[in-house]
Amino acid sequence: MKNKLVILFLGCAFLSYAQKKEAKKTVKIKPRSEFVSELMSKMTVDEKIGQLNLPTSGDITTGQANSSNVAKNIEEGKVGGLFNIKSVQKIKEVQKIAVEKSRLKIPLLFGMDVIHGYETTFPIPLGLSCIWDMKAIERSAQIAAQEASADGINWTFSPMVDISRDPRWGRVSEGSGEDPYLGSEIAKAMVNGYQQHDLSKKNTILSCVKHFALYGAPEAGRDYNTVDMSKIRMYNEYFPPYKAAIDAGVGSVMASFNEIDGIPATGNKWLMTDVLRKEWGFKGFVVTDYTGIPEMIDHGMGDLQTVSALALNAGVEMDMVGEGFLTTLKKSLAENKVSIEQLDNAVRLILEAKYDLGLFEDPYKYCDPKRAKTEIFTASHRAEARKISSQSLVLLKNENQLLPLKKSGTIAVIGPLADAKENMPGTWSVATNMKTAISLLAGIKDVAGKSTNVLYAKGSNLDYDAEFEEKATMFGKTLHRDNRTKEELLAEALKVASQSDVIVAAIGESAEMSGESSSRTNLEIPQAQKDLLQALLKTGKPVVVVLFDGRPLVIKEESETVPAILNVWFAGSEAGHAIADVLFGDENPSGKLTSTFPRSVGQVPIYYNQKNTGRPLVNKEGKFEKFRSNFIDERNEPLYAFGYGLSYTTFDYSNLKISSDKMNFTGKLNVTVDVTNTGNYDGKEVVQLYIRDLVGSVTRPVRELKGFQKIDLKKGEKRTVNFEITVEDLKFYNSDLKFIAEPGQFDIFVGTDSNAEKKVSFELIK
């Protein structure tokens, strides 16, 4: 009886203790520097190295965390964070191992590729950039952070800010296009959206800018390939968006796969220490990309121990998946190949990030099941996504005002992308529930209403080659390949088309035809779909192409034969509704291209802010001239220029003025232009300002974007748009890599795209 009472007493005491412990989740801790220093003083070398290890979660499932492959390492203090694990329940189970079973109870970071939304998915980043509205872009990241943090995630590997001028590269879909100025503005907006200047909030997450650096310029557009460029080009054209993210306070940086000046970025001390730390003042930590450290072995940089030491000494703090740090750093320390000071610095930066996220005060801060039930994929988030997504669509052509469509009559929706909800979120939509995405067909039916008869036929498969289609529909992005013959598919489509008043042809790329390791040498629409489109055009019915793509495509033939083309990228979980809103005029298209569309793949790389040659082509007709910089078989100019995008209404620019024709280095100029909505619809216009530096100590681009404003004008409304120019807008890196402005003449162009012709000029004087 006595023993039973003791057991009962101890049981009650333990229960009381457990209840108090559960109630006291948040504890008051010392200031960051003092706290981290004290914690590090207790750490063994093995535990320090463990903080630098970022393995993938593998296949941890609920209730099996303790028996997972990584559980033992977590318990032994050999893991600093995990990625690709989702849900509060799973994450809490794993975090519990770290904070209750490891010796020092250091909580884990939990990362995920939250690239363009979480379960509520927004347009792919290239599409998102075409909005040209920084508040909307920031809001998309804010919603993504709210949902991810509600589901246990506290770190995202976003934004990707790599400049790219080569659409053969598949990951152009994940970036913001070709321009460093616009890319920088978007980088800031995304970082601010994720972090909200306060990582202590429960609905913010740590951001990670990537891929540092130059990843978007691989030779031949082939992913992971060699990058080789001058430093002056790095600083002026490719570095700005990374620096903008640093200036915005991004908490982490991801190293790129490519080499720079012959040394892979992951082991490049000039890049990671001299530029990132010393020049730009970055205070966060650097993580490798997936297996970035062991991949340096194939680059020819040495064995695993050598490349791991190279990475740490370069200024890389966390090893994603490679386990080079975990398995070799202790040996390198003993052999003086790395220093304890370098190791301590890396550990400190990672612990500081965990401190800033509030994980030491409350390791389960992101594990609130109530939030998981009420803040993810909500009706309000989907409504915002629908509105934002509609602004990403770019109207490329609209002959005889074929669009917007009427909500009456019969519409034939034809094409392999028409009823393909799994593809609507696009590439890198890892948290999306594909079953909840809205297909184009479903969106058209919902928006058109009961008075419209909507017919459907697939018409063709993505490609005649079944093996190619399998490669292009990975990760659950199936198009449900139809095994009927091409003749049978086409016959069904033509029968449906014959019954319609207008045809909506849903064609282009599948979601996984772009993205990582999806480089292409042929940028045209697959032949199976081109054949379908030509057959539809021959019916004589009006045809609207809804073009799905993750990159600029070569659509010269389509642009000459199709009366209306709406480029829709991959617009997210609400894609079908957003596209239908634009097709029927509930939303007026306002997207503007952020990547140039080439006329042919042979023009690539192609971009608006090019340098002049000593022998430029002077005629505007595109006629070939011998001994000029042009092609013998193609025009020089693109099919669709950077900044281009039509509306259902029209805008007139007039009265372009500048406040003075001279400016000194401490002064400023005001540039004004009147913009009038001269059409029949209310609409949004992106007013764009470009500058040309006419003479420089180094050659300067023919024009550079230096300002833009997205304005909303009612039918018939006129507004004066004002831009302010300071010397900061005129600076560039010279041949000594000094960021300067030089006295001289400048032209300013303002208009609707990068071909803006209205011009004013001024002189910068000392």
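For the single chain, residues carry numbers from 1 onward in sequence order.
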Any chance the side chains of [X] and [Y] put a donor and an acceptor closer than 3.5 Å?
| X | Y | answer |
| --- | --- | --- |
| N677 | T649 | yes |
| N722 | T672 | no |
| S200 | D198 | yes |
| N588 | S647 | yes |
| N258 | S256 | yes |
| W569 | S392 | no |
| T752 | K592 | yes |

Give a yes or no on whether a salt bridge exists between [X] and [Y], defined as a side-chain N under 4.0 angstrom from a carboxylate O.
| X | Y | result |
| --- | --- | --- |
| R700 | E742 | no |
| E219 | R168 | no |
| D133 | R139 | no |
| E185 | K188 | yes |

Intermediate values then yes/no, ring-ring contact (aromatic ring centres under 6.0 Å, His included), Y242 and W280: CA-CA 10 Å; Y242 306 116; W280 297 355; 7.2 Å; no
Geometric class of the F746/F762 ring pair [parallel <30°, tilted 30-60°, perpendicular >60°]: parallel
Parallel, tilted or perpendicular: ring planes of Y215 versus F257, cut at 30 and 60 degrees: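 Taking F257 first and then Y215, their aromatic rings stand perpendicular (interplane angle over 60°).
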Sole residue of W132, Y607, F708 in ring pair (Phe, Tyr, Trp, His ring centres under 6.0 Å) with F642: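 It is W132, the one option of W132, Y607, F708 that forms the ring pair (Phe, Tyr, Trp, His ring centres under 6.0 Å) with F642.
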Evaluate the side-chain proximity of [Y] to [X]: yes if any heavy-atom separation is below 4.5 Å, no if none is.
| X | Y | result |
| --- | --- | --- |
| W169 | E174 | no |
| L617 | N619 | yes |
| V161 | I186 | no |
| V250 | Y194 | no |

Centroid-centroid under 6.0 Å between Y608 and Y690 rings: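 Yes; Y690 has its ring centre under 6.0 Å from that of Y608.
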R165 vs E237, salt bridge (Lys or Arg N to Asp or Glu O under 4.0 Å): CA-CA, chis, key distance, verdict: CA-CA 11 Å; R165 281 87 181 266; E237 300 174 39; 2.9 Å; yes
Ring-face cation of R171 near Y224 (centre distance under 6.0 Å, axis angle within 45°): no
Neighbour count above 12 (heavy atom, 6.0 Å) for K657 NZ: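 12 or below, so no.
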Trace of the salt bridge (Lys or Arg N to Asp or Glu O under 4.0 Å) decision for K387 with E384: CA-CA 5 Å; K387 191 81 172 176; E384 287 191 76; over 6 Å; no
